[in-house]
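So the structure is just underneath, and the comments pick up after that.
Quick caveat, the model's predicted, so the values are computed rather than measured. Quick note on labels: first sequence line is chain A, next is B, and so on, each numbered from 1.
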Protein chains: 2
Amino acid sequence: MKPVKEIAHTISASGLKITPQRIAVIQALEKLEHPRAEEIIREVSEHIPGLSPTTVYNTLDVLVSKKIIRKVHTEADVMRYDAIPDHHHHLYCMQSDRMDDYFDPELDSLLEDYFRKKNIKGFKLKEIKLQLMGEFENKERTVIEKNA
Amino acid sequence: MKPVKEIAHTISASGLKITPQRIAVIQALEKLEHPRAEEIIREVSEHIPGLSPTTVYNTLDVLVSKKIIRKVHTEADVMRYDAIPDHHHHLYCMQSDRMDDYFDPELDSLLEDYFRKKNIKGFKLKEIKLQLMGEFENKERTVIEKNA
DNA sequence: TTTCAACTTGTAATCATTACAATATAGAAA
DNA sequence: TTTCTATATTGTAATGATTACAAGTTGAAA
C-alpha cells in the first residue's frame, strides 16, 4: 500500500486539503477491488468511527473531479470506483459481478494506430475504454454478494 | 420503423405475450436515441394513456432478459437502453451526455484476431465492448455509416 | 495563534427503481 | 366463439443509493 505521505501529497497537489477522511478513502480504494460506495463507507468507518456516508460521497466526487480516482460502470446498476488512474481496461463477469483490471499497452497502441488512420466523422476521439465481458475460470477472488 | 408485425413476431418468438405496451416500448426504443427509462415512459404514454411506469420497467427488464434489447451504461448514472442487438460500440461525449452507435466490423475482426492470439490468463473472453470517449464536432446527430 | 474558507457531519429530501397485491388480458383449449 | 388461466398491467407504497442543506469543525495560510 502507498505510504500516507504519498497519498497526502497527491491530495495536496490537486489543491485539496489533506484530511484523515480523504486519506482513508484513498487507502480503501487501494485495498478493495473496484468497491461500491457502500463498501468504502464500511471499510473507512473502521478507521474513522463516526464517519458520515455523506463525507464519503462528497470525497469520491471531489477525487473523481480531480482525476485522482475514477468511476467505473458495470452491468449491475451501482456505481463503482477505481483507484488506478493509469490507462487500463476491465475484465468483467456478469454472473458474478466480478471485475478485474486489465493492462495491455500492446493493445492500446494497436488501437491508437487504428484510430489514427481511421477518422470517425464528426467525432474527436479522446479515450478508448474496453470492457471485456466473459467468465473467470477460478473462484479465487471473493465475489461480493449483492444483498449480503 | 419496423412494422408492428415484425415486432410482434420478435416478442412472440421469445415466448412472450404480445401486448400493446410491449410493442410501444420497442417502437419507442427505435425512435429514441439510447433513451433512459423516463424518456421511454414519456414517449409510450402518448400512445397508451394511463400507462404505468412500472410496466415500462418490467417490460424493459423482460426484453433485456430475452436479449431483444440491451442496457447501456454512460458516465451519467442513469440506465439507458438500446434497441439494436447487433454488435456495436458507442461514441460518447461526457459533456453533453450524447451517445451514438458505432459500427466497425473491421475493428471487430482486428480485435478478434488480437485476442485469439493473446489469451488472457484465467479469463474466457466472450464479448468486447468499446466505449469511445470524446467530443462531437457538431450539434446535429450524425448517422454513422459503414465507413465513416 | 488566529482566522476563515474548506471540510465534515446528520438529518431530511430526492429520485430512479422495485415489491406487492389487485385487476385485466392474451391466447390456448374446448 | 367462448371459456379459462397463466401472464401482464396497474397503482400505491417501499426501498435504497445518492444529494441538499444547514450547522459545526478543522486544515493550513498568514
On the six-membered ring of B:F136, is B:R98 placed so that its NZ or CZ lies under 6.0 angstrom from the centre and within 45° of the ring axis?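 The answer is yes; both the distance and angle limits are met.
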Nearest-Å distance, [atom1] ([X]) to [atom2] ([N])?
X	N	atom1	atom2	value
B:I40	D:dT9	CD1	C1'	17 Å
B:I18	D:dT9	CD1	C1'	16 Å
A:I41	D:dG16	CD1	P	14 Å
B:I23	D:dT9	CD1	C1'	15 Å
B:I11	C:dT25	CD1	C1'	15 Å
A:I48	C:dT9	CD1	C1'	13 Å
B:L16	D:dA6	CG	C1'	13 Å
B:R42	C:dA16	CZ	P	11 Å

Test salt bridge (charged side-chain N to carboxylate O under 4.0 Å, His left out) on B:R42 and B:E39 and set out the steps. CA-CA 5 Å; B:R42 203 175 335 114; B:E39 294 171 73; 5.6 Å; no
Closest to side chain of A:K17, choosing from D:dT9, D:dA6, D:dA28: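 Per side-chain heavy atoms of A:K17, the pick is D:dA28.
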Among the nucleotides D:dT9, C:dT9, C:dC7, which one has an atom lying closest to any side-chain atom of B:R22?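 The nucleotide sitting nearest to the side chain is D:dT9.
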Which label fits A:H34 and A:H90: parallel for a plane angle under 30°, tilted from 30 to 60°, or perpendicular past 60°?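 Plane angle over 60°, so perpendicular.
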So, OP1 or OP2 of [N]: does either fall under 4.0 Å of a side-chain N or O from [X]?
X	N	value
B:Y57	C:dT18	no
A:Q21	C:dT9	yes
A:T19	D:dT26	no
A:R36	D:dA17	no
A:T54	C:dT9	no

Just checking, is any N or O donor in the side chain of A:H89 or A:D108 under 3.5 Å from an acceptor N or O on the other one?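 There is such a pair between these side chains.
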A:S52 side-chain N/O to A:T54 backbone N/O, donor-acceptor pair under 3.5 Å: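 Checking the backbone N and O of A:T54 against the side chain of A:S52, a donor-acceptor pair under 3.5 Å is found.
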